[in-house]
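Only one structure is covered here, and it is reproduced in the block below.
Since the model is a prediction, treat every value here as computed from it, not as a measurement. Convention: sequence-line order gives letters A, B, ...; per-chain numbering from 1.
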There are 2 protein chains.
Amino acid sequence: MTGMTAPHTSFSPADNPRLGLRERKKIKTREAIRTAMYALVAEQGYDATTIEQIAERAEVSPSTVYRYFPTKEDIVLTDEYDPLIMAELRARPADEPWPVSLRHVMHRAIRMGMKEDPVVSRLRTRLMVEVPAVRSRMMESMSSTGRMLRQAIGERTGLDPDSLEVRVYAMSIVGGLLETSMYWAEQEHEPDYDALIDRALNVIEHGLPPENH
Amino acid sequence: MTGMTAPHTSFSPADNPRLGLRERKKIKTREAIRTAMYALVAEQGYDATTIEQIAERAEVSPSTVYRYFPTKEDIVLTDEYDPLIMAELRARPADEPWPVSLRHVMHRAIRMGMKEDPVVSRLRTRLMVEVPAVRSRMMESMSSTGRMLRQAIGERTGLDPDSLEVRVYAMSIVGGLLETSMYWAEQEHEPDYDALIDRALNVIEHGLPPENH
DNA sequence: CTGGATTTTGAGAGCTACTCTCATTTCATG
DNA sequence: CATGAAATGAGAGTAGCTCTCAAAATCCAG
């Protein structure tokens, strides 16, 4: 009743006063839905959590949930790393060898995602391994990541981004990295993610290591 | 009423007299459902086709459709190339270099799938490009293909099939080949599929070709 | 060939993700 | 504060998918 906003423990774009009230509310709603879903999934598991429950906890109507997220899986997943990766790639020196750039950028992306919210990022990879629908949705988003990547490769190498070669190359990278994150989740997130990424990129660049026997 | 079987234009496992009546009927039902779905999709498109319609045309109940296929997408997709690929891989000479074996086997698999029913195989790849749910399901089946592949790689190279390296390698191959089939479908199936596979495997083996400028 | 065990099928109820429409409320602005 | 625009809520409806139970088809002994 006072018009004062409740205290927050962390900052978010919702607190940016330059945005109109409408925009700030939208961001808050989005966050509320995500938070509600994460909590419910932690309590009951993914499948047992219904949109209705999420709506109730987030204090919105089910309709609103669907307005903000096209599918249930998207509530857990969408966080848009792609534009971030793209920007970082463009920021690398133009004469840097392509694989080196890729390595740098992947490491930065990982670090950002982890620093931001390690709990969420682990929950997400765990759901990827455990819930088929989520994994499926994740793989679906692979194709758009692939498109972005081949765009970047095109800019950098001068090759046609729509050629079969570039497309295959981009998709094999995306596939390899996705497998890496699943591996990480399956190992209970215990290994160093950065190191795994490095090993994965090694394989993609140079093929399998020689067998030792 | 005569006990005579109706004439067939093509042979199928359903005609194998060594199987009991029960088994033969099951195979026929499976085929009937698939055929019904393919026809309806050709007529109306994927989304407009409901399970009820499929059941009606296949002359079974909706319950039965679900008994034979876990999801709608599976009616279009499942055809189990994996065991076939695995068998072919094992049949290659043990001292043949791994990439050579892979190339042979992929070509054989393609040829078999095409010869068997080129219409269906094109419809399938087209749906993969056009219907997100189908593409998604296809990618999901990638992971099991990946598992099979890394098993084979393990047998051949002596590397641990569960190591990150082998897993990443297998998944990058699968990702690259999936992209190839999408490329093929997007080009209206006009290019020679075999040639595309070769170019894709080249990229996976040797990386991108040098830019020509 | 027949009777009983087993498997397959059909009917139907039920759940939930997701879509669409329309009235109501909430914010922006002159 | 009034007017227009945007966000929300309520509710009905579709379709994929699951489960249960009784009826029908198949198998197999005797």
Side-chain angles (χ1 to χ4, degrees), chain A residues 1 3 5 14 16-33 36-37 40-41 44-78 127 131-137 140, chain B residues 1 3 5 14 16-33 36-37 40-41 44-78 127 131-137 140:
Chain A
M1 306 294 192
T5 52
N16 187 339
R18 278 181 307 189
L19 271 48
L21 176 55
R22 220 161 231 175
E23 298 304 313
R24 272 177 285 156
K25 265 200 158 177
K26 279 211 284 191
I27 295 174
K28 266 192 193 165
T29 305
R30 217 182 152 77
E31 285 175 356
I33 294 171
M37 169 125 198
L40 284 166
V41 168
Q44 324 172 332
Y46 182 89
D47 287 331
T49 300
T50 74
I51 299 285
E52 214 166 336
Q53 292 174 330
I54 298 169
E56 191 180 346
R57 183 163 304 197
E59 296 183 284
V60 294
S61 76
S63 320
T64 301
V65 175
Y66 284 116
R67 240 176 232 115
Y68 279 82
F69 298 93
T71 74
K72 188 178 165 186
E73 295 88 54
D74 281 294
I75 307 179
V76 187
L77 286 179
T78 311
L127 288 177
V131 184
V134 173
R135 180 172 54 242
S136 209
R137 188 70 193 76
E140 180 62 18
Chain B
M1 301 296 187
T5 51
N16 188 337
R18 277 182 306 190
L19 271 48
L21 175 55
R22 223 162 226 173
E23 296 305 312
R24 273 177 286 155
K25 267 201 156 176
K26 279 211 283 192
I27 295 174
K28 266 192 194 166
T29 305
R30 218 183 151 77
E31 284 175 357
I33 294 172
M37 170 125 197
L40 285 166
V41 168
Q44 324 172 329
Y46 182 88
D47 287 331
T49 300
T50 74
I51 299 285
E52 215 167 334
Q53 292 174 329
I54 298 169
E56 191 180 346
R57 183 162 306 196
E59 297 182 282
V60 294
S61 76
S63 320
T64 301
V65 175
Y66 284 115
R67 241 177 233 114
Y68 280 80
F69 299 94
T71 74
K72 187 178 166 187
E73 296 87 53
D74 280 294
I75 307 180
V76 188
L77 287 179
T78 313
L127 288 177
V131 183
V134 174
R135 180 171 53 243
S136 212
R137 190 68 192 74
E140 179 63 17

Without decimals, in angstroms, what is the distance between [X] [atom1] and [N] [atom2]?
{"X": "B:Ile54", "N": "D:dG16", "atom1": "CD1", "atom2": "C1'", "result": "11 Å"}
{"X": "A:Lys25", "N": "C:dT25", "atom1": "NZ", "atom2": "P", "result": "14 Å"}
{"X": "B:Lys28", "N": "D:dT26", "atom1": "NZ", "atom2": "P", "result": "11 Å"}
{"X": "A:Glu52", "N": "C:dC18", "atom1": "CD", "atom2": "C1'", "result": "13 Å"}
{"X": "A:Asp74", "N": "C:dA17", "atom1": "CG", "atom2": "P", "result": "14 Å"}
{"X": "A:Glu59", "N": "D:dG9", "atom1": "CD", "atom2": "C1'", "result": "15 Å"}
{"X": "A:Tyr46", "N": "C:dT16", "atom1": "OH", "atom2": "P", "result": "14 Å"}
{"X": "B:Asp47", "N": "D:dT14", "atom1": "CG", "atom2": "C1'", "result": "13 Å"}

Has [X] got a side-chain atom pairing as donor or acceptor with [Y]'s backbone, closer than 3.5 angstrom?
{"X": "B:Lys72", "Y": "B:Tyr46", "value": "yes"}
{"X": "B:Arg137", "Y": "B:Leu77", "value": "no"}
{"X": "A:Thr64", "Y": "A:Val60", "value": "no"}
{"X": "B:Gln44", "Y": "B:Val41", "value": "no"}

Counting only side-chain N and O atoms of [X], is one of them less than 4.0 Å from OP1 or OP2 of [N]?
{"X": "B:Ser63", "N": "C:dG10", "value": "no"}
{"X": "B:Tyr66", "N": "D:dC19", "value": "no"}
{"X": "A:Thr29", "N": "D:dT8", "value": "yes"}
{"X": "B:Thr64", "N": "C:dG10", "value": "yes"}
{"X": "A:Lys26", "N": "D:dA7", "value": "yes"}

Is there side-chain contact between B:Phe69 and B:Met37, with at least one heavy-atom pair below 4.5 Å?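 A side-chain contact is absent here, since even the closest heavy-atom pair is not under 4.5 Å.
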
May I ask you to verify whether the side chain of A:Arg22 and the base of C:dT26 hold a donor-acceptor pair under 3.5 Å?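 Answer yes: a donor N or O sits under 3.5 Å from an acceptor.
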
What contact category does B:Tyr68 fall into here, base, sugar-phosphate, or nothing, at under 4.0 angstrom with non-hydrogen atoms?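 Sugar-phosphate only.
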
Which nucleotide wins on minimum distance to the side chain of A:Arg67, given the candidates C:dT9, C:dT8, D:dT8?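 Side chain of A:Arg67 sits closest to D:dT8.
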
